[in-house]
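On a predicted model such as this, the values are computed, not experimentally measured, just so you know. Order of the sequence lines sets the chain letters (A, B, ...), proteins ahead of strands, with each chain counted from 1.
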Amino acid sequence: MALLVLTDISMSEYYPDKIEPYWQKIWSEKKSFKPEPISEKKRKKYILEMFPYPSGNIHMGHVRNYTIGDVVARYRKAQGDNVLHPMGWDAFGMPAENAAMEKKVHPKEWTYKNIENMKAQLKSLGLSIDWEREIATCDPDYFKHQQKIFLDFYGAGIAYRKESEVNWDPVDKTVLANEQVIDGKGWRSGAPVERKVLTQWFLKISSDSQRLLDEVVKLEKWPDKVKTMQENWIGKSTGVSFEFDCFDAEEKKYDPIKVFTTRPDTLFGATFCGISIDHPISKVLKKNKKIKEFIEECRKIGTTEEAIEKAEKKGIKTGFKIKHPFIKDKFLDVYIANFILSGYGTGAIFGCPAHDQRDFEFAKKYGIEIIPVVSSEEKDKSDSLDEAYTGEGKLINSSFLNGMNIDEAKDKVIEKLIKNNKGNRETNFRLRDWGISRQRYWGCPIPIIHCDKCGIVPVPEEDLPVKLPENVDFIKPGNPLESHEKWKSISCPKCKNGAVRETDTFDTFIDSSWYFARFCELDKKQPLNISATDYWLPVDQYIGGIEHAILHLLYSRFFTNALRETGHLNISEPFYGMFTQGMVCHETYQNINGDWIEPELVTVKDNEVFHKDTGELLKKGPSEKMSKSKKNVVDPSVIIEKFGADTARWFVLSDSPPERDIFWSESGVEAAGKFIKKIWKTIVELNKLIEKNISNKNIEKTIGLRKINHKTLNNITKDLDSLSFNKVIARLYEFVGEISKISESDNIDTNAINESLSFLLIMLGPITPHLAEEGWSLFGKDRGMVCEQPWPNIEENLIAESFIRMPIQVNGKKKSEIQVDKNIDESKLKEIALNDDSIKSFIGDKEIKKLIIVPNRIINIVV
RNA sequence: GCGGCCAUGGUGGAACAGGUAGACACAAGGGACUUAAAAUCCCUCGGCAGAUAAUGCCGUCCCGGUUCGACUCCGGGUGGCCGCACCA
């Protein structure tokens with residue numbers, strides 16, 4: 001089969017607009033990227049990029065993410081693996097509802113239109129995706145299985161209900177997401193946000209804390225930074241929880257206050273007690289007007305940890321006192337304080353200002369005593385305290401602990417507290433249970449029925465999926481499901497009396513916590529097909545933005561384990577290899593009024609930027625992450641139209657390492673486009689040369705070329721294995737630069753040129769697949785497609801060098817360089833180095849103190 | 001605020017595991033070809049001194065340390081980015 005399309009007419013010209021759609025059609029018709037059937041004999045590779053939210057258009061971040069994934073997928077295929085490379089849509093979420101409110105378009109219609117558009121854009125990139133496995137999370141065929149999984153989790157006790165707070169906009173009468181709260185006010189209404197308590201669904205991720213911690217350490221193919229972030233997020237801490245006797249304002253004995261601490265050694269430095277605003281005592285004291293006002297003021301800070309920790313430390317005296325367990329007649333004031341987290345530990349602490357920064361700030365503000373109990377030698381000298389001391393040292397001012405180090409003191413105190421029957425060793429995790437209820441329409445309905453008589457009743461499996469009603473409007477405030485009486489009312493499956501549906505929908509993180517497993521097989525009857533997940537999972541290489549390092553990845557890890565516990569699959573860790581890519585940035589432009597201007601409306605003249613249409617002078621801002629709000633986005637489809645997908649792919653891979661942020665520049669794209677043209681020209685020229693079949697051979701040049709071929713192949717193979725695509729591109733620049741110089745008069749053996757061209761096209765295959773296919777169809781004739789070619793073997797004898805260059809340093813600075821045999825012995829090497837003319841002149845008559853030879857690396861002479 | 005990461009010429013970056021700093025590109029400047037332009041090709045390109053040489057000194061955000069030797073390791077800063085549990 002001759003796949004020649006344009007080569008006949010074009011030959012030396014490069015027409016991406018013609019060859020790219022052509023090859024995309026061929027790949028699709030031939031199902032080139034459909035994986036082979038499951039077979040344990042064949043090594044599998046599951047390559048996955050985080051699926052996109054269908055916001056309307058792909059952006060450069062997507063191009064980068066999916067190009068990286070595509071290079072890996074195509075490369076693994078060439079290496080002989082059975083590759084699974086699917087794609088789907090994270091299709092539920094807030095922006096669809098916002099569009100419904102703003103543009104009066106139904107979320108479903110808006111979402112599917114976006115999917116259609118973005119799918120076409122992704123296809124134009126020439127991605128090697130098996131589109132037969134496409135998933136949209138808003139499709140009932142997907143979420144019915146999710147509802148089944150939830151019911152299984154509920155049955156297994158993994159899902160439960162409890163009260164928790166949400167941000168409430170009293171004007172719009174709607175629940176706000178954290179990002180919709182700006183400076184404590186609703187983003188649309190501007191009304192001060194209140195907190196409202198709702199009963200919501202949770203998943204017990206906290207009981208998986210220890211496993212999540214143990215397993216993350218073992219994930220070898222994950223970036224260390226992501227592993228560290230997850231470890232810190234889970235936040236294991238060991239300490240002791242114990243009770244203080246507590247007395248109320250009338251000095252009557254009250255219920256004891258239980259505290260958790262990781263620093264029991266500082267107990268003798270305790271000078272106050274802090275409790276959270278939700279502590280039982282706080283709730284009782286709400287009767288007091290001042291305390292009530294204080295608690296309400298604290299609630300205005302917001303629900304995010306960031307807001308709470310940034311807020312000034314404040315508290316109010318309760319009049320309650322606690323009794324120190326080891327100091328006779330010592331009582332500490334109990335404060336309600338805004339920095340005590342109710343969800344962590346017991347919601348109460350003893351404050352030791354000398355050795356905890358937050359306690360220190362609090363104590364300074366309220367004139368509370370500061371007693372140092374840990375002293376280090378250096379610290380002893382400075383008496384003035386301007387911050388808490390958290391380092392090592394010996395215990396002072398601490399009765400029976402004096403003189404001990406911190407660890408000894410901890411043990412001793414804990415022992416004593418346990419003896420007094422007041423304390424227990426305890427392990428705490430920072431990780432909280434996962435709240436999954438959302439008071440929104442555009443999400444997966446939670447398959448639960450609330451019956452006055454029977455309570456919480458799961459929707460029977462045969463009634464799944466619970467679909468969303470279509471006839472909703474977004475004019476009324478609040479969740480449209482809540483006000484949809486007809487959809488809500490249902491008869492109880494148990495008692496047949498009138499009941500109501502759960503009107504909350506799932507957090508969209510649920511949708512993305514198992515899609516990668518669903519891709520293994522779109523089983524019609526059950527969420528997951530065991531034999532398919534056994535074969536394909538875990539994902540061998542998962543690729544996505546660093547912003548998902550904690551939440552999405554942690555939830556998916558937990559969810560996978562929960563799926564195992566409920567019998568849906570057999571593994572507990574979903575992602576074997578993880579790669580986090582950097583962001584795509586662009587310069588920002590503003591006019592005099594401060595309006596943001598799109599880069600496409602900007603022209604540059606003499607280093608100044610002007611508006612293309614109005615001609616006004618614009619202010620060039622710093623390069624920042626592309627975002628719609630600052631309009632510094634570049635629509636990749638414009639670039640694909642102008643230069644072609646291969647150029648766009650080449651450009652996003654070049655220069656910057658993939659884990660680092662990249663800065664978009666138009667000139668860079670043009671340069672990439674020029675070089676792609678040069679590659680095409682080189683392919684055509686070399687092909688002509690091959691057809692001439694040179695017989696008068698220059699052996700030296702032939703071997704030289706073959707060495708270049710194999711060295712390049714060797715380096716590029718290593719770089720692809722380590723995902724260093726920028727280095728791959730640099731080597732291709734060099735390689736093309738070399739082979740484009742070959743001329744007939746070099747008399748190089750045709751086989752060697754053949755090898756050059758064949759290597760070039762196969763190496764280009766993962767990066768610029770259309771160009772590679774077109775070139776292969778010209779060169780490879782009847783040898784099939786380039787995407788079916790195996791990765792060539794490297795001939796070791798061609799990459800080995802017998803001579804090496806060795807720099808000679810004097811006192812650590814390079815002064816000369818020699819070329820020596822690789823296997824030279826050290827004494828000979830020493831002799832050569834010392835007799836080197838320029839080295840001699842440097843040493844002069846100075847005494848040689850030391851001579852260091854690092855084999856095959858460097859010689860350093862110390863004088 | 002807490003946790004994590006990053007910083008190398010005018011620009012993006014390279015430097016394998018502590019061993020030649022600046023590969024490969026972009027921009028800029030010069031030249032060739034052309035009536036001209038575009039395209040293409042060639043040359044220069046960290047700073048200072050020197051002659052546009054040879055060569056020397058300085059130089060990887062700042063300060064200090066370890067080492068024969070530090071872009072790389074350690075301590076302390078500065079700046080930027082990401083996350084902080086209801087954005088996805």
Side-chain angles (χ1 to χ4, degrees), chain A residues 50-53 55 90 92-95 166-167 175-181 200 205 223-233 235 303-313 339 343 357-358 361 430-440 507-509 511-512 545-552 554-555 580 582-583 585 622 624-625 654-657 659-663 665 667-668 670-672 674-675 677-678 681 718 722 724 726-727 729-734 737 805-817 838 849-852 854 857-863:
Chain A
M50 290 178 183
F51 64 166
Y53 178 78
S55 56
D90 189 12
F92 275 134
M94 275 199 326
V166 292
N167 298 309
V175 175
L176 297 174
N178 284 336
E179 70 155 12
Q180 294 174 320
V181 180
Q200 307 196 76
I205 189 172
D224 286 338
K225 58 178 170 184
V226 175
K227 290 159 65 166
T228 312
M229 278 193 255
Q230 291 213 353
E231 280 177 56
N232 292 337
W233 184 261
T303 54
T304 69
E305 203 168 293
E306 183 188 0
I308 292 166
E309 291 208 15
K310 268 189 188 162
E312 190 193 350
K313 314 271 170 291
F339 64 98
Q357 188 57 28
R358 287 173 303 183
E361 283 169 39
R430 208 183 72 96
L431 182 62
R432 309 195 295 257
D433 275 344
W434 174 12
I436 54 167
S437 293
R438 296 292 180 272
Q439 295 68 39
R440 298 217 189 91
D507 174 10
T508 54
F509 272 126
D511 308 343
S512 55
I546 183 70
E547 67 271 24
H548 295 291
I550 297 173
L551 292 181
H552 163 60
L554 196 66
Y555 288 148
T580 49
M583 289 169 306
C585 303
E624 291 182 56
K625 172 180 165 181
S654 60
D655 290 345
S656 292
E659 67 275 10
R660 223 188 273 185
D661 294 349
I662 59 172
F663 297 88
S665 93
S667 58
E670 267 166 38
K674 276 185 201 171
F675 192 74
K677 277 188 191 162
K678 180 176 173 170
K681 208 177 125 195
K718 280 188 200 155
S722 64
S724 306
N726 55 321
K727 290 191 233 168
I729 300 287
R731 295 193 202 285
L732 285 170
Y733 270 113
E734 269 176 304
R805 291 159 62 204
M806 271 186 98
I808 307 172
Q809 295 179 330
V810 177
N811 290 339
K813 289 191 177 172
K814 183 193 163 192
K815 296 297 177 193
S816 184
E817 188 176 275
S838 70
K849 286 188 184 160
K850 210 168 174 184
L851 200 144
I852 296 147
V854 184
R857 274 273 162 96
I858 205 159
I859 302 160
N860 190 14
I861 302 163
V862 187
V863 297

Indicate, with a heavy-atom threshold strictly under 4.0 Å, whether [X] touches base, sugar-phosphate, or nothing.
| X | value |
| --- | --- |
| A:Lys718 | nothing |
| A:Glu734 | sugar-phosphate |
| A:Gly435 | sugar-phosphate |
| A:His548 | base |
| A:Pro657 | sugar-phosphate |
| A:Arg660 | sugar-phosphate |
| A:Leu431 | base |
| A:Gln439 | base |
| A:Ser654 | nothing |
| A:Gln200 | base |
| A:Phe675 | nothing |

Residue whose nearest RNA chain B nucleotide is more 5′ - A:Lys674 or A:Lys815: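 Final value for this comparison: A:Lys674.
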Map A:Lys313 and A:Val175 onto RNA chain B by nearest heavy atom, then report which one ends up closer to the 5' terminus.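 Here A:Lys313 is the residue nearer the 5' end.
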Can you list the residues that meet the side chain to side chain donor-acceptor pair (under 3.5 Å) rule with [X], with sequence neighbours excluded?
| X | value |
| --- | --- |
| A:Gln180 | none |
| A:Gln809 | none |
| A:Ser724 | A:Ser722 |
| A:Asp511 | A:Gln146 |

[X] side chain, from C-beta outward: closest of [options]:
| X | options | value |
| --- | --- | --- |
| A:Ala730 | B:rC87, B:rC24, B:rU20 | B:rC24 |
| A:Met94 | B:rA88, B:rG12, B:rC86 | B:rA88 |
| A:Ile858 | B:rU20, B:rC24, B:rC86 | B:rU20 |
| A:Asn178 | B:rA85, B:rU20, B:rA88 | B:rA85 |
| A:Lys814 | B:rG12, B:rA14, B:rU20 | B:rU20 |
| A:Arg805 | B:rA25, B:rC86, B:rU20 | B:rU20 |
| A:Asp655 | B:rG12, B:rA88, B:rA85 | B:rG12 |
| A:Thr508 | B:rC16, B:rC87, B:rA88 | B:rA88 |
| A:Arg440 | B:rA85, B:rG19, B:rC86 | B:rC86 |
| A:Glu547 | B:rC86, B:rA85, B:rC82 | B:rC82 |

Taking salt bridge (Lys or Arg N to Asp or Glu O under 4.0 Å) as the test, write out the residues that go with [X], two or more places apart.
| X | result |
| --- | --- |
| A:Arg438 | A:Asp507 |
| A:Glu734 | none |
| A:Lys815 | none |
| A:Arg857 | none |

Report yes if at least one side-chain N or O of A:Lys678 is closer than 4.0 Å to OP1 or OP2 of B:rC41; otherwise report no.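 For B:rC41, OP1/OP2 do have a side-chain N/O of A:Lys678 under 4.0 Å.
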Is any side-chain N or O of A:Arg432 closer than 4.0 Å to OP1 or OP2 of B:rA85?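 For B:rA85, OP1/OP2 do not have a side-chain N/O of A:Arg432 under 4.0 Å.
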In whole Å, what is the span from the [atom1] atom of [X] to the [atom2] atom of [N]?
| X | N | atom1 | atom2 | answer |
| --- | --- | --- | --- | --- |
| A:Arg430 | B:rC2 | CZ | C1' | 8 Å |
| A:Leu551 | B:rA88 | CG | C1' | 11 Å |
| A:His552 | B:rA88 | NE2 | P | 13 Å |

With rounding to whole Å, what would you report as the distance between [N] and [M] at their [atom1] atoms?
| N | M | atom1 | result |
| --- | --- | --- | --- |
| B:rG18 | B:rG9 | C1' | 24 Å |
| B:rC26 | B:rU44 | P | 15 Å |
| B:rC2 | B:rC73 | P | 24 Å |
| B:rG31 | B:rG80 | P | 43 Å |
| B:rG46 | B:rU40 | P | 24 Å |
| B:rA23 | B:rC45 | C1' | 15 Å |
| B:rU60 | B:rU20 | C1' | 15 Å |
| B:rG22 | B:rU72 | C1' | 15 Å |

So, A:Lys674 and A:Glu670, do they make that salt bridge, N to O below 4.0 Å?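 Looking at A:Glu670 together with A:Lys674, the answer is no, because their closest N to O distance does not fall below 4.0 Å.
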Can you list everything that forms a side chain to side chain contact (heavy atoms under 4.5 Å, CB included) with A:Glu817? Sequence neighbours excluded, please.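 So A:Glu817 forms a side chain to side chain contact (heavy atoms under 4.5 Å, CB included) with A:Arg805, A:Lys814.
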Using atom types as modelled and distance alone, determine if a side-chain donor or acceptor of A:Asp90 lies under 3.5 Å from a backbone N or O of A:Pro52.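 No; judged by distance alone, with no hydrogens or angles, the pair does not exist.
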Is the base of B:rC84 touched by the side chain of A:Glu306 through a donor-acceptor pair closer than 3.5 angstrom?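 Pair found.
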Reported CD-to-OG1 distance for the pair A:Glu179 and A:Thr304, which is rounded to 0.5 angstrom: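 The OG1 atom of A:Thr304 is 12.5 Å from CD of A:Glu179, to the nearest 0.5 Å.
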Side chain to side chain, A:Asn726 and A:Ser656, heavy atoms closer than 4.5 Å: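 A side-chain contact is absent here, since even the closest heavy-atom pair is not under 4.5 Å.
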Close N/O contacts between protein and nucleotides 3-5 of chain B (under 3.5 Å):
unit_1, atom_1, unit_2, atom_2, d
B:rG3, O3', A:Asn232, ND2, 2.9
B:rG3, O2', A:Asn232, ND2, 2.7

Contiguous pairing runs of three or more, Watson-Crick or G-U under 3.5 Å, that involve RNA chain B: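 Stems found: B:1-7 with B:78-84, B:10-12 with B:24-26, B:28-32 with B:40-44, B:46-49 with B:55-58, B:61-65 with B:73-77.
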Walk me through whether A:Phe339 and A:Glu309 qualify under side chain to side chain contact (heavy atoms under 4.5 Å, CB included). CA-CA 7 Å; A:Phe339 64 98; A:Glu309 291 208 15; over 6 Å; no
Take the angle between the ring planes of A:His552 and A:Phe509 and call it parallel below 30°, perpendicular above 60°, tilted in between.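 Rings of A:His552 and A:Phe509: parallel, as their planes differ by under 30°.
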Collect all protein-nucleotide pairs involving nucleotides 65-70 of chain B in which both atoms are nitrogen or oxygen and the distance is under 3.5 Å.
unit_1, atom_1, unit_2, atom_2, d
B:rC68, O2, A:Asn860, ND2, 2.3

